Number of protein chains: 2
Amino acid sequence: MQSKNFDRTDMEILAALQGNGRLSSAELAERVSLTPSPCWRRVKRLEDEGVIRGYRTEIDVRKLGFNVTAFVLISLDQKAAERVKAFEDAVKRVPEVLSCHCVSGRYDHQLTVIARDLDAFGELTRYVLGALPGVKEVYTSFVLKEVKGSGHAISLPAE
Amino acid sequence: MQSKNFDRTDMEILAALQGNGRLSSAELAERVSLTPSPCWRRVKRLEDEGVIRGYRTEIDVRKLGFNVTAFVLISLDQKAAERVKAFEDAVKRVPEVLSCHCVSGRYDHQLTVIARDLDAFGELTRYVLGALPGVKEVYTSFVLKEVKGSGHAISLPAE
DNA sequence: GGTGAAAGCGAGGACCA
DNA sequence: TGGTCCTCGCTTTCACC
């Protein structure tokens, strides 16, 4: 829990790696004007310190037939810790829920959900999400278009 | 742009690759009970067909000192196409905006935004986001906790 | 941070079942 | 389609400037 000791080169490495998580030390080194060894050492350090949480493959869910993506906002009937935990544990087990964040504001949780079509989405909210423990209110906001991708974070806002 | 022709093995490959985007064909093959070659061929196909959109590195922005993450909902004063485009082009250039989706419902766009602290976030919404072309209303929902990660999509909801 | 080098392994093709 | 070599090239990783 700190933000120490990350210089411009580290940020460049992270930016490059974010765009392509499979860059080798050699390729990476070239992009940030270094040689493979020190570059590799930096990456290792970033991994060890947890700045790099992991390497993921980005999947186009629409190509898999999931044509509906929505942000689903949920408020719970009780905010007591154990009640909330029951909901959160349950939501983790729903595969159609890609992510879930506890948020401030009008609702308690925001989920990112996918479904094959509107029918499937309807069933999902009604019989699965609506039935999760403690759910009081459900608000849906469908994703109409991705304007800026989830894949290009950090273009050096630091410094 | 279809869903067809992806069997259980393909889904297993995608699931494995999502958890670790750096798996080699050999490691991957082992996890899905195959040998490297056919496994590699499947991955290649998934890449070619665009199911695999790319390989990314997941970064812990808090470790970089970005302690505030928020979903920012925005509604525009006009919904005319060129007006919307002006906003979207501008939002893409703001590095603190990690993602931006056009959504249905009370607001037009949902952004994911990071900032070093609340002060910085305040400045950002007031002077940067609030000043983007066409912005009429801004609603902020702070992320209090990540319950289910953005990194574990697709645990085989298909089939 | 840079260099050099050793050992290893990973990609990708040819070919068969 | 899956399986088995095979092989070249590159990557990793270390010891030393």
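In what follows, chains are A, B, ... by sequence order, proteins preceding strands, each numbered from 1. Everything quoted here is computed from the prediction, not taken from an experiment.
- Bracketed by its first and final contacts, the part of DNA chain D lying under 4.0 Å from non-hydrogen atoms of chain B reaches from D:dT1 to D:dC5 in 5' to 3' order.
- Residues from residues 27-38 of chain A lying near DNA chain C, meaning a heavy-atom separation below 4.0 Å, are A:Leu34, A:Thr35, A:Ser37, A:Pro38 in numerical order.
- Residues meeting the side-chain contact (heavy atoms from CB on, under 4.5 Å) test with A:Val135, sequence neighbours left out: A:Ile74, A:Leu76, A:Phe87, A:Leu132, A:Val138.
- Listed by chain and number, the residues in a side-chain hydrogen bond (donor to acceptor under 3.5 Å, both in side chains) with A:Ser141 amount to none (sequence neighbours excluded).
- Pairs of Watson-Crick or G-U wobble type, with distances under 3.5 Å, assemble into runs of 3 or more in DNA chain C at these ranges: C:1-5 with D:13-17, C:7-17 with D:1-11.
- Contacts of B:Tyr55 classified as ring pair (Phe, Tyr, Trp, His ring centres under 6.0 Å), with partners at least two apart in sequence or in another chain: none.
- A:Leu98 and B:Val103 fall into different hydrophobic clusters, defined by Ile, Leu, Val, Met, Phe, Trp and Tyr side-chain heavy atoms under 4.5 Å apart, directly or through other members.
- B:Arg22 comes within contact range of no nucleotide atom at all, as no heavy-atom separation falls under 4.0 Å.
- Contacts classified as side chain to side chain donor-acceptor pair (under 3.5 Å) and involving residues 25-40 of chain B (residues at least two apart or in different chains) are given here: B:Ser24-B:Glu27.
- For the salt bridge (charged side-chain N to carboxylate O under 4.0 Å, His left out) condition, no pair includes a residue of residues 118-136 of chain B, sequence neighbours left out.
- At whole-Å resolution of the value, CH2 in A:Trp40 and C1' in C:dT3 are 16 Å apart.
- Atom-to-atom, CG of B:Leu23 to P of C:dG10 comes out at 11 Å; the value is rounded to the nearest Å.
- Looking at residues two or more places apart in sequence or on another chain, you find no side-chain hydrogen bond (donor to acceptor under 3.5 Å, both in side chains) involving B:Lys92.
- Here salt bridge (charged side-chain N to carboxylate O under 4.0 Å, His left out) pairs that include residues 104-115 of chain A, with residues two or more places apart or in two chains, are A:Lys79-A:Asp108, A:Arg106-A:Glu137.
- Counting distance only, with no hydrogens placed and no angle test, the side-chain atoms of A:Arg41 and the base atoms of C:dG2 include a donor-acceptor pair under 3.5 Å.
- Checked against side-chain hydrogen bond (donor to acceptor under 3.5 Å, both in side chains), A:Lys44 has no partners two or more places apart in sequence or in another chain.
- Under the salt bridge (Lys or Arg N to Asp or Glu O under 4.0 Å) criterion, B:Asp77 pairs with B:Arg83, not counting sequence neighbours.
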